[in-house]
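Here is how names work: the chains are called A, B, and so on, in the same order as the sequence lines, proteins then strands, and each is numbered from 1. Treat the numbers as computed from the prediction; the structure is a model and nothing was measured.
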Amino acid sequence: MTEITPRSEDFSRWYTDVIRRAELADYSPVKGCMVIRPYGYAIWELIQQGLDRRIKATGHVNAYFPLLIPQGLLLKEADHVEGFAPQVAWVTKGGDEVLEEPLLVRPTSEAIIGTMYAKWIQSWRDLPVLINQWANIVRWEKVTRLFLRTTEFLWQEGHTAHETAEEAEAETLTILRLYKEFCETELAMPVLEGRKSESEKFAGADRTYSIEALMGDGRALQAGTSHNLGQNFARAFDIQFQARDKSLQYIWGTSWGVTTRLIGGIIMTHGDDSGLVFPPRVAPYQVVIVPIPRGDWRETVLPHARQIAADLRARDVRVFLDDRDAYTPGWKFAEWEMRGVPLRLEIGPKDIEKGQALLVRRDIREKIAAPREDLPGRIVDLLAAIQQNLFERALRFRADHTTEVSSYEELKQVLEGRPGFVVAPWCGSAECEASIKAETQATIRNLPLEDTAGGTCVRCGRPGIARAYFAKAY
RNA sequence: CGGGGCGUGGCUCAGCCUGGUAGAGCACUCGGUUCGGGACCGAGGGGUCGGAGGUUCAAAUCCUCUCGCCCCGACCA
């Protein structure tokens with residue numbers, strides 16, 4: 001069996017080892033593209049459910065736009081082209097016919113959706129348009145990494161059109177908060193919400209906001225972005241409406257997305273040397289039942305295990321009954337721990353005698369002898385407790401790995417030693433940002449939403465416009 | 001795209017330097033005994049050695065080119 005490199009020894013190897021060993025994903029014959037295997041795809045489905053519910057609850061609807069985009073459409077927004085052109089995959093032939101106008105495989109859908117919005121929007125009465133799409137995207141990345149950066153990936157992308165700048169800004173922030181709440185509630189992954197610097201913002205946006213998580217190795221992961229597009233795409237794609245005052249106006253746009261990268265975030269936030277640790281709310285299996293085979297266990301033990309599984313399913317608990325007899329209980333314990341199942345339930349002759357089952361928590365490895373009566377209720381409570389504990393643990397980790405500094409020497413020193421977020425005043429200049437990046441590899445992850453101006457720039461000593469969160473990032 | 005490393009049964013690797021009939025452990029299949037922290041015995045199946053070309057009587061091994069993957073940088077969700 002493939003050994004998993006301990007997380008404490010080599011984080012990168014641990015990450016790829018555990019993904020492949022747990023069968024979340026595998027490399028494919030296509031360069032830069034991975035296969036998301038059933039156990040990994042189940043997590044994505046749970047992410048989709050949780051997110052889709054929230055997106056719809058805030059008034060958005062789903063639609064689907066074409067994968068292929070005519071070259072001419074991409075060219076319409078100058079910053080957008082410049083930002084995405086290096087990453088675009090092209091279709092130049094259909095069958096053996098060379099296309100008059102090449103098609104690009106969408107790296108994002110502003111261009112095609114903007115084009116349609118121009119047709120659909122005539123009046124202020126048509127606004128807002130609040131559409132989301134679940135789709136795949138292709139970006140020709142130089143270097144790929146399972147879940148974190150692959151040539152093709154899955155995501156949701158919201159694209160909205162509004163009557164006023166204020167509405168667009170409110171939408172952008174609504175989604176940012178939605179993402180934060182989702183990550184923290186469902187994934188037990190704390191995130192910092194904030195605004196991106198000019199140099200880090202989306203190609204074609206006025207302002208980009210992001211949520212940033214901290215991984216177990218002290219590097220930051222951008223977990224989601226929400227862009228206020230201003231009227232840039234409206235002008236480029238001629239998305240106009242007649243306003244209440246009869247004047248012709250450009251709409252105010254937003255776009256926002258999160259991707260399958262979130263799965264990488266879950267892995268790197270909660271995993272340990274024994275493998276994966278899944279937050280119950282997105283765990284493909286929340287409980288695995290391991291019956292202890294002794295004697296005629298199929299007659300004596302298995303029926304109890306089946307009954308417990310049925311009771312749990314009735315409470316909407318995702319449960320797997322591992323009754324395979326090719327493996328020993330000890331093997332199954334290790335296997336399901338590696339696969340990150342939050343709660344294991346062991347049941348054998350001894351337990352049946354005592355009218356109990358043995359529960360083992362993945363997060364703290366606590367063993368609990370639980371009486372058979374109201375076992376499902378106890379398990380539901382335990383799953384909630386595990387979810388809570390994982391979030392609090394991650395929050396503590398982030399607090400322990402966030403350092404405020406006031407001098408450049410201090411900033412460099414902290415970044416060399418213990419990784420994590422480093423908070424320091426910044427003057428707002430791209431020059432300081434770039435030189436800090438060049439000298440420390442750390443980038444400004446984002447700037448807090450609340451006004452935090454004050455102090456002097458950690459790099460140049462001019463007045464600070466904000467306390468910036470620096471980190472080495474994925 | 002620059003620097004480094006690696007491609008040999010499903011996985012991890014040995015063999016390559018010094019060319020001479022492809023190996024190990026794990027995994028897999030079948031039978032049996034087991035099973036409360038990664039069981040054991042017995043019998044099996046499976047590899048044109050990443051690909052192409054070259055040198056040679058003979059290439060996993062030597063030479064050239066090429067493709068892929070991993071790690072570190074620059075770019076990005």
Side-chain angles (χ1 to χ4, degrees), chain A residues 1-5 10-13 15-17 20-21 23 26-34 82-88 107-108 136-157 179 196 199-203 208 210-213 220-227 255-265 274-275 290-295 297-298 301 322-338 344-354 356-358 360 365 367 369 434 437-438 441 443 472-474:
Chain A
M1 133 189 8
T2 313
E3 290 300 317
I4 293 171
T5 307
D10 182 341
F11 196 87
S12 287
R13 280 198 62 181
Y15 178 75
T16 44
D17 283 353
R20 301 186 70 193
R21 183 67 185 77
E23 300 178 345
D26 203 355
Y27 296 108
S28 78
V30 190
K31 180 177 163 63
C33 294
M34 67 172 185
E82 195 187 330
F84 280 101
Q87 292 183 276
V88 164
T108 179
N136 59 337
I137 292 295
V138 168
R139 294 183 188 177
W140 218 258
E141 301 286 355
K142 309 276 186 208
V143 179
T144 58
R145 219 141 135 50
L146 293 172
F147 288 114
L148 301 180
R149 180 171 301 108
T150 47
T151 299
E152 180 186 5
F153 58 91
L154 306 181
W155 76 351
Q156 62 66 218
E157 50 179 326
Y179 283 161
K196 284 290 193 183
S199 60
E200 298 270 342
K201 76 180 187 190
F202 178 75
T208 287
S210 75
I211 50 169
E212 304 280 336
L221 183 77
Q222 181 172 302
T225 48
S226 184
H227 315 291
S255 70
W256 28 274
V258 300
T259 76
T260 34
R261 168 182 264 196
L262 286 178
I263 297 171
S274 303
V290 179
I292 306 303
R294 284 207 185 274
W297 67 281
R298 286 191 171 275
V301 177
D322 192 353
D323 61 355
R324 297 175 293 178
D325 51 15
Y327 302 100
T328 61
W331 187 89
K332 291 174 185 176
F333 298 164
E335 179 72 7
W336 290 111
E337 270 171 17
M338 187 274 296
R344 178 173 79 239
L345 187 153
E346 300 173 27
I347 182 156
K350 290 184 223 163
D351 301 301
I352 292 164
E353 235 172 76
K354 296 186 209 162
Q356 64 172 38
L358 192 64
V360 186
R365 296 168 193 277
K367 297 190 177 184
K437 182 177 179 180
Q441 291 171 25
T443 49
K472 295 179 185 177
Y474 275 98

Engineer: Would you mind classifying the nucleic acid contact of Tyr474(A) as base, sugar-phosphate or nothing, using non-hydrogen atoms under 4.0 angstrom?
Structural biologist: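 If one applies the 4.0 Å heavy-atom cut-off, Tyr474(A) turns out to touch a base.
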
Engineer: Sticking with atom C1', work out how far G50(B) lies from A59(B), rounded to a whole angstrom.
Structural biologist: 16 Å

Engineer: To the side chain of Glu335(A), which of C71(B), G38(B), G37(B) is closest?
Structural biologist: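 Among the listed nucleotides, the one closest to the side chain of Glu335(A) is G38(B).
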
Engineer: Do the two ring centres, one from Phe84(A) and one from Phe202(A), sit under 6.0 Å apart?
Structural biologist: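 Yes, the ring of Phe84(A) comes within the 6.0 Å limit of the ring of Phe202(A), centre to centre.
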
Engineer: So, OP1 or OP2 of C76(B): does either fall under 4.0 Å of a side-chain N or O from Thr150(A)?
Structural biologist: no

Engineer: Taking atom P in both A22(B) and C67(B), what distance in whole Å separates the two?
Structural biologist: 30 Å

Engineer: Any strand is fair game: report the nucleotide pairing with G37(B) by Watson-Crick or G-U wobble, both distances under 3.5 Å, or none.
Structural biologist: none

Engineer: What is the minimum heavy-atom distance between Asp322(A) and Pro291(A), and which atoms define it?
Structural biologist: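 Scanning both residues, the minimum pair turns out to be O-CD, 3.2 Å.
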
Engineer: Nearest-Å distance, CZ (Phe333(A)) to C1' (A39(B))?
Structural biologist: 14 Å

Engineer: Can you tell me which nucleotide in C76(B), A39(B), G36(B) comes closest to the side chain of Trp331(A)?
Structural biologist: A39(B)

Engineer: Output the residues of residues 138-145 of chain A in contact with RNA chain B, where contact means a heavy atom of the residue under 4.0 Å from an atom of the strand; sort by number or write none.
Structural biologist: Arg139(A), Glu141(A), Lys142(A), Val143(A), Arg145(A)

Engineer: Between the base of G37(B) and the side chain of Arg344(A), is one N or O donor paired with an acceptor at under 3.5 angstrom?
Structural biologist: yes

Engineer: Within less than 4.0 Å of OP1 or OP2 of A39(B), is there a side-chain N or O belonging to Thr328(A)?
Structural biologist: yes

Engineer: Which value, in whole Å, describes the distance between the P atoms of nucleotides C62(B) and U8(B)?
Structural biologist: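 Going atom to atom, P in each nucleotide, I get 16 Å.
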
Engineer: Below 4.0 angstrom, N of the basic side chain to O of the carboxylate: do Glu212(A) and Lys196(A) qualify?
Structural biologist: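 Yes.
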
Engineer: Between Arg139(A) and Glu152(A), does at least one N-O distance fall below 4.0 Å, as a salt bridge requires?
Structural biologist: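 The answer is no: the pair does not qualify as a salt bridge.
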
Engineer: Please give me the minimum heavy-atom distance between Arg145(A) and Thr150(A), naming the atom from each residue.
Structural biologist: O-CG2, 3.8 Å

Engineer: Between Gly32(A) and Gly224(A), which residue's closest nucleotide on RNA chain B lies nearer the 5′ terminus?
Structural biologist: Gly32(A)

Engineer: Determine the interatomic distance between P on C13(B) and the same-named atom on G44(B); round to the nearest Å.
Structural biologist: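 So the two P atoms sit 30 Å from each other.
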
Engineer: At under 4.0 Å between heavy atoms, what does Leu148(A) touch on the DNA or RNA strands: base, sugar-phosphate, or nothing?
Structural biologist: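 Base contact.
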
Engineer: Distance check, C1' atoms only: U12(B) and G54(B), in whole angstrom units.
Structural biologist: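 After rounding to an integer number of Å, I get 33 Å for this pair.
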
Engineer: Whom does C57(B) pair with, Watson-Crick or G-U wobble, provided both distances fall under 3.5 Å?
Structural biologist: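 G20(B) - that is the nucleotide pairing with C57(B), both distances being under 3.5 Å.
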
Engineer: How is Asp10(A) classified with respect to the nucleic acid when contacts are heavy atoms under 4.0 Å: base, sugar-phosphate, or nothing?
Structural biologist: nothing

Engineer: Using the side-chain heavy atoms of Phe153(A), tell me which of these nucleotides is nearest: A77(B), G36(B), G37(B).
Structural biologist: A77(B)

Engineer: For nucleotides C65(B) and A58(B), find the distance between their P atoms and express it as a whole number of Å.
Structural biologist: 23 Å

Engineer: Which part of the nucleic acid, if any, lies within contact of Pro86(A), taking any heavy atom under 4.0 Å across all strands shown: a base, the sugar-phosphate backbone alone, or nothing?
Structural biologist: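 Nothing, no heavy atom under 4.0 Å.
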
Engineer: Using every non-hydrogen atom in the two residues, find where Thr443(A) and Ala473(A) come nearest and quote the distance to one decimal.
Structural biologist: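 Shortest heavy-atom contact: OG1-CB, 4.3 Å.
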
Engineer: So what does Leu221(A) hit on the nucleic acid, given a heavy-atom distance under 4.0 Å: a base, only sugar-phosphate, or nothing?
Structural biologist: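 No contact.
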
Engineer: Using Watson-Crick or G-U wobble geometry with both distances under 3.5 Å, which nucleotide pairs with A43(B)?
Structural biologist: U29(B)

Engineer: Below 4.0 angstrom, N of the basic side chain to O of the carboxylate: do Glu23(A) and Arg21(A) qualify?
Structural biologist: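 Salt bridge flag = no for Arg21(A) with Glu23(A).
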
Engineer: OP1 or OP2 of C28(B) less than 4.0 angstrom from a side-chain nitrogen or oxygen of Tyr327(A), does that happen here?
Structural biologist: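 It does, given that an N or O in the side chain of Tyr327(A) lies less than 4.0 Å from OP1 or OP2 of C28(B).
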
Engineer: How long is the line joining NZ of Lys201(A) and C1' of C75(B), in whole Å?
Structural biologist: 18 Å

Engineer: Rounding to an integer number of angstrom, what distance separates G37(B) and G45(B) when you compare their P atoms?
Structural biologist: 36 Å

Engineer: Taking atom C1' in both G20(B) and C11(B), what distance in whole Å separates the two?
Structural biologist: 30 Å

Engineer: Between atom CG of Leu345(A) and atom CH2 of Trp336(A), what is the distance when rounded to the nearest 0.5 Å?
Structural biologist: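 Taking CG in Leu345(A) and CH2 in Trp336(A), the distance rounds to 14.0 Å.
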
Engineer: Nearest nucleotide by nearest heavy atom, which residue falls closer to the 5' end of RNA chain B, Ile292(A) or Leu146(A)?
Structural biologist: Ile292(A)

Engineer: Rounded to the Å, how far apart are Arg324(A) CZ and A27(B) C1'?
Structural biologist: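 For the pair Arg324(A) CZ and A27(B) C1', the rounded distance is 14 Å.
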
Engineer: With the side chain of Gln441(A) defined as its heavy atoms from C-beta on, choose the nearest nucleotide among G38(B), G73(B), C35(B).
Structural biologist: G73(B)

Engineer: Partner lookup for A52(B), please. Criteria are Watson-Crick or G-U wobble with both distances under 3.5 angstrom; report none if nothing qualifies.
Structural biologist: U64(B)

Engineer: Check Glu346(A) with Lys367(A), please: is the shortest side-chain N to carboxylate O separation under 4.0 Å?
Structural biologist: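 Salt bridge flag = no for Glu346(A) with Lys367(A).
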
Engineer: What is the distance from NE2 of His227(A) to C1' of C76(B), rounded to the nearest Å?
Structural biologist: 12 Å

Engineer: What contact category does Lys350(A) fall into here, base, sugar-phosphate, or nothing, at under 4.0 angstrom with non-hydrogen atoms?
Structural biologist: base

Engineer: Expressed in angstrom and rounded to an integer, what is the separation of Asp325(A) atom CG from G31(B) atom C1'?
Structural biologist: 14 Å

Engineer: Report yes if the side chains of Tyr15(A) and Arg20(A) come closer than 4.5 Å at any heavy-atom pair, otherwise no.
Structural biologist: no

Engineer: Hunt down the Watson-Crick or G-U wobble partner of C76(B), both distances under 3.5 Å, from any strand shown, or write none.
Structural biologist: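 Pair assignment: C76(B) / none.
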
Engineer: Using atom CH2 of Trp297(A) as one end and atom C1' of U34(B) as the other, report the distance to the nearest whole Å.
Structural biologist: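 My rounded result for the distance is 13 Å.
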
Engineer: Can you identify which nucleotide, out of A77(B), C76(B), G38(B), has its nearest atom closest to the Arg149(A) side chain?
Structural biologist: C76(B)

Engineer: Looking at His227(A), is its backbone amide N or carbonyl O close enough to the side chain of Ser255(A) to form a donor-acceptor pair, meaning the two atoms are under 3.5 Å apart?
Structural biologist: no

Engineer: Nearest whole Å is fine: how far is C72(B) P from Phe11(A) CZ?
Structural biologist: 12 Å

Engineer: Would you indicate, yes or no, if C76(B) has its OP1 or OP2 atom less than 4.0 angstrom from a side-chain nitrogen or oxygen of Gln222(A)?
Structural biologist: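 The answer is no; no side-chain N or O of Gln222(A) sits under 4.0 Å from OP1 or OP2.
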
Engineer: Give the nucleotide from the list G36(B), G37(B), C72(B) with an atom nearest to the side chain of Ser12(A).
Structural biologist: C72(B)

Engineer: Taking 4.0 Å as the cut-off, does a side-chain nitrogen or oxygen of Lys437(A) come that near to OP1 or OP2 on C75(B)?
Structural biologist: yes

Engineer: Rounded to whole angstrom units, what separation is found between the CD atom of Glu200(A) and the P atom of A74(B)?
Structural biologist: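 In whole Å, A74(B) P lies 12 Å from Glu200(A) CD.
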
